[in-house]
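All remarks here apply to the structure that follows.
Owing to the predicted nature of the structure, the values given are computational and were not obtained by experimental measurement.
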Protein chains: 4
Amino acid sequence: MIKGRTFRPLEARRERRIARRKTQIMNAAAILFSEKGYDGTTTKEIAATADMAEGTLYNYFSSKRDILLGIATEMNEALGGLLGNVEELKGREDIIDLVQRSFDLLVERLTFTRTVLMRVWIDDEVLREVVIEGVQRVSQQLQQFIAELITAGIFRPVDPALTARIIMGMFVTPMLPVLRGMDTLPTLEERQAIAEATVDLLLEGIRARPAPGV
Amino acid sequence: MIKGRTFRPLEARRERRIARRKTQIMNAAAILFSEKGYDGTTTKEIAATADMAEGTLYNYFSSKRDILLGIATEMNEALGGLLGNVEELKGREDIIDLVQRSFDLLVERLTFTRTVLMRVWIDDEVLREVVIEGVQRVSQQLQQFIAELITAGIFRPVDPALTARIIMGMFVTPMLPVLRGMDTLPTLEERQAIAEATVDLLLEGIRARPAPGV
Amino acid sequence: MIKGRTFRPLEARRERRIARRKTQIMNAAAILFSEKGYDGTTTKEIAATADMAEGTLYNYFSSKRDILLGIATEMNEALGGLLGNVEELKGREDIIDLVQRSFDLLVERLTFTRTVLMRVWIDDEVLREVVIEGVQRVSQQLQQFIAELITAGIFRPVDPALTARIIMGMFVTPMLPVLRGMDTLPTLEERQAIAEATVDLLLEGIRARPAPGV
Amino acid sequence: MIKGRTFRPLEARRERRIARRKTQIMNAAAILFSEKGYDGTTTKEIAATADMAEGTLYNYFSSKRDILLGIATEMNEALGGLLGNVEELKGREDIIDLVQRSFDLLVERLTFTRTVLMRVWIDDEVLREVVIEGVQRVSQQLQQFIAELITAGIFRPVDPALTARIIMGMFVTPMLPVLRGMDTLPTLEERQAIAEATVDLLLEGIRARPAPGV
DNA sequence: AATGAATGAGCATTCATTCAT
DNA sequence: CATGAATGAATGCTCATTCAT
């Protein structure tokens, strides 16, 4: 990227400043969106929370909507880092670890998650951005993973597509009250306990077992 | 409610007319809310869809918000009829039947469900109305049911509260793409297949089993 | 238009009320536009001048721009009534009379004229609406009139198109200071004097000539 | 201005640079003003067209408005050079030549002309700057010229003030479609033809006459 | 002198609610 | 009861101007 004398530190600094500003705005917006909804949040409030003038928002985003899409994209990219190595998931511990990292992601970016989950429900573009490109990819990796383990005789012969969907539901739902702001953030230990309980519930149902009496 | 000579047919007819009007308005509003969101829907549109003048809405509801709460309440009452007889749930078939009736409820009142699920995310009053009074009651019945079956030695000893939450997630999530409008409505057969797959996944994991070799 | 029992007085009254409101708004807007320009006028001011709330404007016009187009259209229609009978223009008196009626039109609708003349300069849609459909029609009738009188030997052989353009300039220009608000409105006598001087200048030119027959 | 030992070449260079910058800005602004109107043009666009940063504009002009007044002034000064020698106008050829030089001026500074003509309509200061000081001076010279030729028996006895106004209209109007951007720029030959036709119409009128001496 | 990010007052437009008919 | 015109506060966004670098 940076070669020979085309290295321009001023430009790099500029880009960092822009990135910092965008983050500052998205953080402020996500807090408000997650508390009051997209339509219930005004640009005036976003600016005040981000500690800048209203017009400054528009130097970094072309519209209120663009801030929302920025949040969705950021969330999506974070999600992308989660499942790169699905083929390495072999034992119970690996799966628990993956689940826990998912929880961590949701919790770290709590307001982003809340915002995106809320908006995906009616905004078709956010739906495409996040679900089609993000969740669906996760889902397909999951289906492939399930299919392989069925072939290997480790899982019972279930419908991979439907099961993938159910599994994702199993893992997101325990977090819903937290995301909604009804429960307080779970501690690390609590998250671990939830992850283990969920994985065990899943495995004991889905794992093929030697016929009794063998 | 109406007894003896206080029976006044005129008044009853009046009440029925009022109820019919309210339903007409809530149906229209739910369609629009579920398509465009609460804030994205104008009272002018609701009136047009309900085939009446804008001002007429306010003879039956005190505000746009009141229409939303009416929808939430209605949904909640429908949910109440679902789990009256939790102690009768004994075998796999009973549970599958319950799950299927839940699916039917969501699908029948598709727009109501969509509206309420969307709005519960940020509106604290809807949250109280629906979740605290509706979902939580279901959840508690479910926990009690799980606890009893654990005591009876039919289920493994799991955490009833967490498991109840996971189970509800398992059952709602397969319906999400339908509720979101991404998938078409499943046929009766499809709903049955989903219900069976979900219950089997649940049972095979949660049911205690005789030790192998016995 | 109104036949048998399809006569609906209520609807007619409604239409009259709407027409009255639109006129009220266009009059207010034209005053402000002509004083401060289109962009220099706010909808708040228009509403205040028309003695109604800001939102009420939008029950009758879909945008500020639509008010402007309404004014242009109205002006255009008034212009249309001016030149129906160009073939009746025979002598000097007829022409003076036509010129005077033009002056009257401009003066009566002073603010409309000012508004349209100002806006036609940069707004292409107003240009089309007014010039292409209005002025151009007048111009063509004028060219035809000139051509006929040339054929009849009454006019010198001049270029009809160019001459029509020059003539229109001769008649509009004396009014410009009035339209611009620099001069006060001319009285009827003054308008008559201007009309006669202009027509004579057109017909005879400025150069002194020996009396015919001498 | 610069005499004796106060002559400072550095200062002169500085002034030339400032003058060049101001011209650069006014040219850019005039293009945009003439296309989109004063209010429709942003300082950001002016800066971009003039190939400099937005803030730089304010080193040379105190406001957007000041740029406009600069354009008006420049136009006015150019107009001043046109009529210095009105007493030399003697024959038809001289007048045609003057008319043609006017056309050339308008065409050369097309965007300046467009801008000023547009803005003079509502901006009182531009009106004063250009009309009162520029056009009115032309008009007075014209009136004096007419009055003298009447006295000399060369022109008919017409009202000099009104006639001056009409004449100016005759000469500007043929150019309006060009200024408005509806017609393409006329070639030199076309401009000459227009000038001749206009002057002849002015001198001789439109009415056919028996050839003198017949 | 040049820059361009920051500013915030000001704008056109929307829409839930009221109320005279 | 039903109507739909009137209301005006509130909104997202623009842009001339300033000023630290």
### Message
Quick test of your reading: applying ring pair (Phe, Tyr, Trp, His ring centres under 6.0 Å), list the pairs with at least one residue in residues 31-76 of chain D, sequence neighbours left out, ordered by first then second residue.
### Response
D:Phe33-D:Tyr38
### Query
What parts of residues 22-52 of chain D reach DNA chain E, counting only heavy atoms under 4.0 Å away?
D:Met52
### Query
Considering only heavy atoms, which members of residues 63-75 of chain B lie under 4.0 Å from some atom of DNA chain F?
none
### Task
Send over the distance from A:Tyr58 OH to E:dG10 P, rounded to a whole Å.
18 Å
### Task
Just jot down the side-chain hydrogen bond (donor to acceptor under 3.5 Å, both in side chains) partners of D:Ser63, sequence neighbours excluded, or say none.
none
### Message
Quick check against the 3.5 Å criterion: does A:Arg114 have a side-chain atom that pairs as donor or acceptor with the backbone of B:Trp121?
### Response
yes
### Message
List the residues meeting side-chain hydrogen bond (donor to acceptor under 3.5 Å, both in side chains) with B:Asn76, not counting sequence neighbours, and say none if there are none.
### Response
none
### Task
For D:Lys36, enumerate each residue passing the side-chain hydrogen bond (donor to acceptor under 3.5 Å, both in side chains) test, keeping only those at least two apart in sequence or located in another chain.
D:Glu45
### Query
DNA chain E: C:Asn59 or B:Gly55, which has the more 5' nearest nucleotide?
C:Asn59
### Query
Between C:Thr56 and A:Glu54, which is nearer to the 5' end of DNA chain E once each is assigned its nearest nucleotide?
A:Glu54
### Task
Step through the shown structure and confirm whether more than 12 heavy atoms of other residues, nucleotides or ligands are within 6.0 Å of CZ on B:Arg14.
no
### Message
Check B:Arg128 with B:Asp123, please: is the shortest side-chain N to carboxylate O separation under 4.0 Å?
### Response
no
### Query
Which pairs pass salt bridge (Lys or Arg N to Asp or Glu O under 4.0 Å) with one or both residues in residues 50-64 of chain D, sequence neighbours excluded?
D:Lys44-D:Glu54
### Message
Going by side-chain contact (heavy atoms from CB on, under 4.5 Å), name the residues that satisfy it together with D:Val120, two or more places apart in sequence or in a different chain.
### Response
D:Val126, D:Leu127, D:Val131
### Task
Establish, with yes or no, whether the OP1 or OP2 oxygen of E:dA1 is under 4.0 angstrom from a side-chain nitrogen or oxygen of D:Arg21.
no
### Query
Taking the nucleotide of DNA chain F with the closest heavy atom to each, which residue, C:Ile18 or A:Ser62, is nearer the 5' end?
C:Ile18
### Task
Anything below 3.5 Å on both distances counts as a pair; with that, list the stems of at least three consecutive Watson-Crick or G-U pairs involving DNA chain F.
E:2-21 with F:2-21
#### Entry: Residue list, side-chain hydrogen bond (donor to acceptor under 3.5 Å, both in side chains) with A:Glu35, at least two apart or on another chain
none
### Query
Looking for any heavy atom pair under 4.0 Å, which part of the strands does A:Phe61 touch: base, sugar-phosphate only, or nothing?
nothing
#### Entry: CD1-CD distance between D:Ile71 and D:Glu129, expressed to the nearest 0.5 angstrom
12.0 Å
### Summary
Residue pairs meeting side chain to side chain donor-acceptor pair (under 3.5 Å), one or both in residues 22-33 of chain A, sequence neighbours left out, come to A:Arg21-A:Gln24
### Query
Under the 3.5 angstrom rule, does the side chain of B:Thr115 hit a backbone N or O of B:Ala30 as a donor-acceptor pair?
yes
### Query
Under a criterion of less than 4.0 angstrom to any heavy atom of chain C, what are the 5'-terminal and 3'-terminal contacting nucleotides of DNA chain F?
F:dA5 to F:dG8
